[in-house]
Amino acid sequence: MSEEKSNKKAIRKAVLLDADYITRKDRAVIRLIMKGKKMFQLYDGNFSPYFYLDGEFPDNFNDARMVGKEKVKKIVLGKEKEVWKIVARHPREVPELREAIKQFGETYEYDIPFAKRYLIDKDLFPFMELKYEREGKKLTRIISKTKKDSSLKDFNTLVFDIETYNPQGIPREKQDPILMIGYEENGSLPQKKKLMTSKKLPLDFIEHYEDEKSMLEGFTQKLKEKDIEILFGYNSSAFDLPYMRARADALKTNFLIGRDSSSFKIQNRGFYTVAKVNGRMHLDVYPIVRFFGIIGALKITSFTLENVYAEMSGKRKMNVEKMKIWELWDQKPEVLAKYCSADVMATSEIIKRFIPTIFALSKTVGLSLFDISSSTSSLLVETLLMREASKENMVSPNRPKGYDPTPIKGAYVKLPEPGVYENMIVFDFRGLYPSIICSHNVDPFTIDCEGEAFVSPLGHRFCKDKMGLVPKVLGKILELRAECKKKLKTLSRNSEEYEKINAMQQALKILANSFYGYLLYVNSRWYSRRCGESITAWGRYYISETAKKAEERGFKVLYIDTDSLFILLGDKKKEEALSFLDSINCELPGNMELEFEGFYPRGVFVSKKAEEKGAKKKYALLGEDGTIKIRGFELVRRDWARIAKDTQKSVLEIILKEGSKEKAVKLVKDVVERLRTGEVPMEELVIYSTLRKKPGNYDILSPELGAAQKAIARGKKIEKGTLIGYVVTKKGKSISEKAELLEFAQDYDSNYYINHQIIPAVMKILSELGYSEEDLKSWGKQQTLDLFS
DNA sequence: GCGAGCAGCGTACCT
DNA sequence: ACAGGTACGCTGCTCGCG
């Protein structure tokens, strides 16, 4: 039976992937990106843009851009009201029409993208399988929808990476050719790894092309032939794709990678620019990895492909000097080929790790994979809330116009007494803020109500009888996550099902943890200072109450930070601490729960620099299995030289595991000696720091800015956001004068590294083990070097 | 004109 | 372009002294 060109009504099934809209005869038509056996498009012309007005029109009001209006009953800012639903002629006219109408009252939901509006109104989510009726390419009716358990393996995927000639260091797209295109289809099957290039190389994965032009054309052809549905790259939106298109232009050919033989469009989305390809999903892994970094799910300091792969897998991938790629091509092209191939492999590994969570987020939130890939956590929460608001017949609130810039009072952090301790137990509240929100019905529209209420320590009242939208949505997320966790226990690790549910669980965790921040984010629709400050006030209340009760039970509370509690076991048994835990949990409201985090035979808290007081957020704990948990120390910071970090780490390990001050001092002495004799390689002396502003916008000349300025003078391109890796050299007075990028540094200032890096990093810890104040002072005043000679 | 002392800029970290 | 709490190095200013 032929499906083509049939104008008869037909019933079909296919999976929804994304939606956007096109304009036909001045009308906006929704375009659904679907996948049956193949990806295709379906059109729905029966949907119009609209927004709401809470106010009254003058009788004679007329506007050609307004094609309809009706009174509807809605819940607006928590109150039931009659408002006007105003239907616009075309989405692009909505802003203008709203301008014309806003004088008559408060307008709402005028800034929701049209396709997003469609998905929300129809309650459609990506990866739903739709059973629908169509006439040709027109969708006439959705008969049913079911959530589909799609994952990466259901798609034809291609991961790619290009290498370019760069005799000037940075490749120039008008003249420097693309040398190779490495790619891999459908996961990491070795036989699917290939490399397109114009040199004939004795490697089994080479696909030879006559020249650069035919290689580019071959790539486009490949996407078509293999019917690629998801195209992955690393930083491909900013580099690979634009470069390929520029080369195609220069070579007078096309770069039409879309299913409809279009090219791609660069979209600016907040932080990131992403390249949108029609009819295929292009997903740039770089912004995805950045997202995981920003929310703290991936704790790394640099987001280069090399570093992400190394940190994620613990393996090192083959690397080459970027500046010398052109030389490799000329002299050792097979090395370059292997490198390119290694980049593809690394990208592919990163995809395996992160894309399942992106799928889970997409299914849960209802944004397409492409949208999720450039999303922020606030957008995720907001989309969830808007969808639920729509179901509850609520109008989504507008973003706040003005706000109080003074921050609200946040978490409680207890000042620790510096010292080395034995036998500590750490408890923490499981999802403290999310559980407070749900257990106390914290919502911008349940606040300050009459009647029964949860009263926050600040006196804000959250009513008990009407559940707010925020706790309702968050509660569902928490419930779903609990179900996932339960199911995971019944599954064997490494199974496909486990992976999928684990990814879902991770996605739900990301979402749950984003609600508190969202409520205080100044551009959020549900912004509420009073909710935010109530949450932290409850947080402070519960953690300090718990500490108080621990003290009453005879435990010494060493340290508290936000939701975690460090207690000293003293002469008590572990069981006693655990029964204390139970007693706390009996009294906690709702889904709040204190958890046993761990037992630590030994731990160290240090004092603040140049002060007797303890330092907060800086400690090291030795676990029962011998692992050491380190927080806040210089050694976890990227703006300290590796030599200092490594030394500090060794000192910590010696102190915690062996308790030997002498051994630690000996080690420090050796390092100082190596520094003094110039044996330490430059790489261990690099200090990394980001220029968060434009180089010209600083009031103060910091070392990293000094290094950057000198590099700029030598023709390097350095802009806002660049990570500067510098070495402190001998030349100059101030540190900023001495600082040079690693690549330009000729020598290093051993005095600086000894007195400003090694000594401060280790003295803190050593001083907790018997170094007296006198020792400390004499270290500071005397020639530091003498002490070590 | 110069060094000591200090405030505040700036970054990265913790939960 | 999700929050607030915190440490701390460095710069560049003020101040006191000469």
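Worth saying up front: this structure is predicted, and the values here are computed from it rather than measured. A, B, ... follow the sequence lines: proteins, then strands. Residue 1 opens every chain. Below, all heavy atoms of this structure are taken into account, side chains as well, without hydrogens, waters or symmetry copies.
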Would you check, one step at a time, whether the test side-chain hydrogen bond (donor to acceptor under 3.5 Å, both in side chains) holds for A:Ser439 with A:Asn591? CA-CA 6 Å; A:Ser439 306; A:Asn591 58 359; 2.7 Å; yes

Sequence neighbours left out, what pairs pass salt bridge (Lys or Arg N to Asp or Glu O under 4.0 Å) with at least one residue falling in residues 635-647 of chain A? A:Arg637-A:Asp639

DNA chain B contacts made by residues 696-706 of chain A, counting heavy atoms under 4.0 Å: A:Tyr698, A:Asp699, A:Ile700, A:Glu704

Partners passing side chain to side chain contact (heavy atoms under 4.5 Å, CB included) against A:Arg269 (at least two apart in sequence or in another chain): A:Gln267, A:Val274, A:Phe370, A:Asp371, A:Ser374

Just to verify, what does A:Tyr272 make a ring-ring contact (aromatic ring centres under 6.0 Å, His included) with, not counting sequence neighbours? none

Reckon A:Trp526 touches a base, only the sugar-phosphate, or nothing at all at heavy-atom distances under 4.0 Å? nothing

I'd like the 5' and 3' limits of the part of DNA chain C contacted by chain A, with heavy-atom contacts below 4.0 Å. C:dA1 to C:dG12

Examine A:Tyr286 together with A:Phe303 and report whether their ring centres are nearer than 6.0 Å. no

Would you please name every residue forming a side chain to side chain contact (heavy atoms under 4.5 Å, CB included) with A:Ala297, sequence neighbours left out? A:Phe292, A:Ile295

Protein and nucleotides 12-14 of chain B: nitrogen or oxygen contacts under 3.5 angstrom:
| residue | atom | partner | partner atom | Å |
| --- | --- | --- | --- | --- |
| B:dA12 | OP1 | A:Arg638 | NE | 3.0 |
| B:dA12 | OP1 | A:Arg638 | NH2 | 3.0 |
| B:dA12 | OP1 | A:Thr690 | N | 2.8 |
| B:dA12 | OP1 | A:Thr690 | OG1 | 2.8 |
| B:dA12 | OP2 | A:Thr690 | OG1 | 3.3 |
| B:dA12 | OP2 | A:Arg692 | NH1 | 3.0 |
| B:dA12 | O4' | A:Arg637 | NH2 | 3.0 |
| B:dA12 | N3 | A:Arg637 | NH1 | 3.4 |
| B:dC13 | OP1 | A:Val636 | O | 2.9 |
| B:dC13 | OP1 | A:Arg638 | N | 2.9 |
| B:dC14 | OP1 | A:Gly632 | N | 2.7 |
| B:dC14 | O2 | A:Lys617 | NZ | 3.2 |

Need one value for A:Ile295: base, sugar-phosphate or nothing, where a base atom within 4.0 Å counts as base even if backbone is also close, heavy atoms only. base

Residues that A:Tyr518 engages under ring-ring contact (aromatic ring centres under 6.0 Å, His included), provided they are two or more places apart: none

Look at all strands and tell whether A:Tyr527 reaches a base, only sugar-phosphate, or nothing, counting heavy atoms closer than 4.0 Å. nothing

Using a heavy-atom cut-off of under 4.0 Å over every strand shown, decide if A:Ser736 touches base, sugar-phosphate, or nothing. sugar-phosphate

From A:Cys438 atom SG to A:Leu478 atom CG, the distance as rounded to the nearest 0.5 Å: 5.0 Å

Across all chains, not counting sequence neighbours, the side chain to side chain contact (heavy atoms under 4.5 Å, CB included) partners of A:Glu417 are A:Tyr421

Does anything in residues 401-413 of chain A come within less than 4.0 Å of DNA chain C? Heavy atoms only, and list the residues if so. A:Pro407, A:Ile408, A:Lys409, A:Gly410, A:Ala411, A:Val413

What residues, two or more places apart in sequence or in another chain, satisfy side chain to side chain contact (heavy atoms under 4.5 Å, CB included) together with A:Phe580? A:Phe427, A:Thr546, A:Lys549, A:Ala550, A:Arg553, A:Phe555, A:Ser583, A:Ile584

Among residues two or more places apart or on two chains, list those pairs meeting side chain to side chain donor-acceptor pair (under 3.5 Å) that have a residue in residues 730-740 of chain A. A:Ser734-A:Ser736, A:Lys738-A:Asp749

So what does A:Ser514 hit on the nucleic acid, given a heavy-atom distance under 4.0 Å: a base, only sugar-phosphate, or nothing? base

Rounded distance [0.5 Å steps], NZ in A:Lys414 versus OG in A:Ser544: 10.5 Å

Classify A:Lys764 by what it touches in the nucleic acid, base, sugar-phosphate, or nothing, heavy-atom distance under 4.0 Å. sugar-phosphate

Are A:Tyr527 and A:Tyr521 close enough that their ring centers fall under 6.0 Å? no

